[in-house]
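Being a predicted model, the structure only gives us computed values, none of them experimental. Here is how names work: the chains are called A, B, and so on, in the same order as the sequence lines, proteins then strands, and each is numbered from 1.
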There are 2 protein chains.
Amino acid sequence: MATGRTHRPATRSRGIPEATVARLPLYLRALTALSERSVPTVSSEELAAAAGVNSAKLRKDFSYLGSYGTRGVGYDVEYLVYQISRELGLTQDWPVVIVGIGNLGAALAGYGGFASRGFRVAALIDADPAMTGKPVAGIPVQHSDDLEKIISEDGVSIGVIATPAGVAQQVCDRLVAAGVTSILNFAPTVLSVPDGVDVRKVDLSIELQILAFHEQRKAGEEAGAESGPEAGTETGAPTAPPAARTGGSSRKGPDGDVPAVMPA
Amino acid sequence: MATGRTHRPATRSRGIPEATVARLPLYLRALTALSERSVPTVSSEELAAAAGVNSAKLRKDFSYLGSYGTRGVGYDVEYLVYQISRELGLTQDWPVVIVGIGNLGAALAGYGGFASRGFRVAALIDADPAMTGKPVAGIPVQHSDDLEKIISEDGVSIGVIATPAGVAQQVCDRLVAAGVTSILNFAPTVLSVPDGVDVRKVDLSIELQILAFHEQRKAGEEAGAESGPEAGTETGAPTAPPAARTGGSSRKGPDGDVPAVMPA
DNA sequence: CCATCTTTGTGCACGCGTTCACAAAGACAT
DNA sequence: ATGTCTTTGTGAACGCGTGCACAAAGATGG
């Protein structure tokens with residue numbers, strides 16, 4: 001999970017567990033595919049397989065929404081699509097602003113998965129004056145000076161931050177002050193927000209690091225098979241905990257991200 | 001969380017809980033920032049604040065790695081950076097291939113956060129012959145015909161899929177067959193992989209849908225304050241569960257993703 | 001050397017999420 | 001109408017993750 005809520009101790013919204021909410025979009029996607037193939041009904045078993053989850057889990061998830069199935073038959077696809085869409089708030093239009101139109105921001109602006117699910121890119125915002133007015137994915141970039149005006153005029157409540165890490169918190173503060181209450185953060189920083197504001201983060205680097213951990217473990221298991229499972233626990237630690245300071249490097253990554261410092 | 005492992009019942013790798021592994025990159029980032037400011041030691045309280053977590057949680061996380069702190073003082077920054085890097089497998093170089101060089105793939109290729117953490121983009125691969133040879137972020141795109149050769153020659157074990165959803169499973173199968181055992185999937189599909197292969201997924205659309213859910217709930221709470229908290233449970237459902245089929249549309253999204261069908 | 005003070009490391013309890021297993025419900029055939 | 005068969009909906013048990021609260025450890029000062 002590249003994700004993780006920030007703050008807010010598992011709000012358990014209207015009795016719907018957070019874990020269930022996170023799976024509803026998965027079910028919706030599978031159901032939409034079935035709908036396009038004109039499949040009238042699905043069993044929990046089939047749908048669970050399509051969504052990549054356990055069937056018992058799926059049934060319990062749906063039970064939080066109500067009793068929308070028919071015993072002995074399954075679930076009506078169209079009806080379920082509607083119910084989940086309504087529950088997720090996808091029956092209304094959500095204007096979204098994207099702040100920071102670099103490589104990633106531009107890619108997000110052109111991402112088809114947004115518009116297809118009721119999310120409308122209301123504006124692209126960047127701090128670089130050279131970008132202002134230039135169309136990206138058919139939408140002209142606006143300058144960040146107008147951020148507050150754009151948010152309030154369009155009634156935007158969801159903001160996407162795709163800026164360098166260094167300015168993410170400032171951008172976040174301005175978005176929140178202007179009325180945004182949900183933020184999707186792509187910058188590799190921890191954002192602090194007041195209560196009532198939801199933050200979800202997507203960090204590509206973190207995902208890769210988690211994969212690397214498991215990858216290393218797999219490799220270690222093979223190699224460790226000959227010398228016992230307890231190998232590799234102390235593979236030459238460089239110095240004792242109170243190591244002498246080496247003086248911090250000042251290299252900065254291209255997007256304002258900080259590189260990992262690897263002693264020795 | 002934009003994330004979520006696939007299969008594999010919480011492997012609890014070498015006694016290190018999955019939830020802890022997912023937080024290690026967070027700590028590492030905070031520690032790296034401290035290291036650049038030449039801060040010699042941090043308390044669990046300070047570091048926890050910087051990483052956006054609870055200090056008790058942080059201490060428990062570190063306890064799984066060993067006793068690297070000094071009571072009354074805190075943790076040695078440099079030493080901890082090294083220990084976490086080693087635990088995550090970041091002391092070695094991980095070659096990574098990115099398959100599907102569209103908007104997103106190109107953005108990923110240029111993402112600075114990869115190289116700075118020991119991940120090296122070994123190759124960019126795309127099925128479009130017109131892309132072949134064209135440099136993206138300084139790296140020439142190679143044709144997908146050579147996928148197997150590239151993987152085996154470079155010893156690549158981590159693959160990133162940024163293709164349209166329709167071809168993601170095929171690409172995944174080829175990657176796995178060629179020897180890739182960790183996959184980061186950006187395509188909006190459930191990938192099925194054999195045992196021993198890790199898949200992590202990042203789905204931008206899902207993250208927004210989760211935000212929309214909470215956003216709707218917030219809006220509903222305000223409005224519902226006047227008519228009681230039980231309002232909005234049955235806001236005009238369109239038809240009874242056994243609804244007549246309306247015939248599926250066949251529209252496809254621009255990236256092969258399927259649009260949500262909204263009845264009535 | 002001793003007292004004090006800070007901060008770690010962890011035992012324990014609690015709550016959420018997952019999974020099993022089964023009773024109830026309805027479709028369908030006779 | 002009745003029996004059979006399929007599939008849902010959920011009660012209950014279990015395991016993981018989180019957070020509290022405190023004892024142990026070590027630094028620091030006198």
Side-chain angles (χ1 to χ4, degrees), chain A residues 1 3-24 26-27 39-49 51-77 79-80 83 210 240-242, chain B residues 1 3-24 26-27 39-49 51-77 79-80 83 210 240-242:
Chain A
M1 211 161 347
T3 301
R5 320 248 337 274
T6 310
H7 280 277
R8 195 163 308 283
T11 319
R12 188 68 90 88
S13 301
R14 206 240 331 287
I16 301 184
E18 194 57 30
T20 295
V21 173
R23 279 188 295 268
L24 290 182
L26 245 59
Y27 302 144
V39 177
T41 60
V42 268
S43 67
S44 61
E45 202 71 47
E46 292 168 312
L47 185 54
V53 302
N54 186 297
S55 72
K57 193 186 297 188
L58 178 142
R59 287 199 299 275
K60 180 146 290 201
D61 282 343
F62 285 174
S63 79
Y64 291 115
L65 307 183
S67 289
Y68 294 146
T70 306
R71 295 173 193 235
V73 175
Y75 299 91
D76 182 86
V77 172
Y79 188 67
L80 204 45
Q83 289 299 341
I210 297 172
Chain B
M1 214 168 325
T3 301
R5 319 243 344 271
T6 309
H7 280 276
R8 195 163 309 282
T11 318
R12 187 70 90 90
S13 300
R14 204 236 339 284
I16 301 183
E18 194 57 32
T20 296
V21 173
R23 278 187 296 267
L24 290 181
L26 245 61
Y27 302 144
V39 176
T41 59
V42 267
S43 68
S44 62
E45 203 70 48
E46 292 168 312
L47 184 55
V53 301
N54 184 297
S55 73
K57 194 186 297 186
L58 178 142
R59 286 197 301 274
K60 183 150 292 204
D61 283 341
F62 285 175
S63 79
Y64 291 115
L65 307 184
S67 288
Y68 293 146
T70 306
R71 296 172 192 234
V73 176
Y75 299 91
D76 181 87
V77 172
Y79 187 67
L80 204 45
Q83 290 298 342
I210 296 172

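Checked against D:dG9, C:dT18, D:dG17, the side chain of A:Ala19 finds its nearest nucleotide in C:dT18. The side chain of A:Ser63 lies closest to D:dG9 when the candidates are D:dG9, C:dG17, D:dG19. Distance from the side chain of A:Arg23 is smallest to C:dT18 among D:dT18, C:dT18, C:dT8. Of all nucleotides listed (C:dA21, D:dG9, D:dG19), D:dG9 comes nearest to the side chain of A:Ser67.
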Detail all sub-3.5 Å separations between protein N/O atoms and N/O atoms belonging to nucleotides 11-15 of chain D.
unit_1, atom_1, unit_2, atom_2, d
D:dG11, O6, A:Lys60, NZ, 3.4
D:dA12, N6, A:Lys60, NZ, 3.1

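Annotation: of the two residues near DNA chain C, B:Ser44 and A:Arg59, the 5′-most nearest-nucleotide partner is B:Ser44.
Applying the ring pair (Phe, Tyr, Trp, His ring centres under 6.0 Å) test to A:Tyr75 and every residue at least two apart in sequence or in another chain returns A:Phe62. In this structure B:Ala48 satisfies the side-chain contact (heavy atoms from CB on, under 4.5 Å) test together with B:Val53, B:Ser55, B:Leu58, sequence neighbours excluded.
Within the 4.5 Å cutoff, no side-chain heavy atoms of A:Lys60 are placed close to those of A:Thr20. Using a 4.5 Å heavy-atom cutoff, the side chains of A:Leu24 and A:Leu65 are in contact.
Among residues at least two apart or in separate chains, salt bridge (charged side-chain N to carboxylate O under 4.0 Å, His left out) pairs with a member in residues 61-71 of chain B are B:Arg23-B:Asp61.
Spacing between atom CD1 of A:Ile16 and atom P of C:dG17 amounts to 12 Å, rounded to whole angstrom units. One atom, NZ of A:Lys57, and another, C1' of C:dA21, lie 17 Å apart when rounded to the nearest Å. What separates CG of B:Asn54 from P of C:dG9 is a distance of 15 Å, to the nearest Å. We find that CG of A:Leu58 is positioned 14 Å from P of D:dT10, with the value rounded to whole Å. Residue B:Asp61 contributes atom CG, which lies 12 Å from atom P of C:dG9 at whole-angstrom precision.
Distances shorter than 4.0 Å separate none of the side-chain N or O atoms of B:Tyr68 from OP1 or OP2 on C:dT7. Between A:Tyr64 and C:dG17, a side-chain N or O to OP1/OP2 separation shorter than 4.0 Å is absent.
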Next on the checklist: Before you tell me yes or no, could you show the steps for B:Val77 and B:Val42 under side chain to side chain contact (heavy atoms under 4.5 Å, CB included), namely the whole-Å CA-CA distance, both residues' side-chain angles and the distance that decides it to 0.1 Å?
Outcome noted: CA-CA 7 Å; B:Val77 172; B:Val42 267; 3.9 Å; yes
Next on the checklist: At under 4.0 Å between heavy atoms, how does the protein contact nucleotides 23-30 of chain C? Give one character per nucleotide, 5' to 3', with B, S or -.
Outcome noted: -BB-S---
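Here the closest non-hydrogen pair linking B:Gly15 and B:Tyr64 is O-CD2, 3.7 Å. B:Val21 and B:Ile16 make their closest contact through CG2-CG2, 3.5 Å (heavy atoms, listed as atom of the first residue, atom of the second, distance).
Looking at heavy-atom distances under 4.0 Å, A:Phe62 makes no contact with the nucleic acid at all.
Here CZ of A:Arg59 is found 9.0 Å from OG of A:Ser43. Values are rounded to the nearest 0.5 Å.
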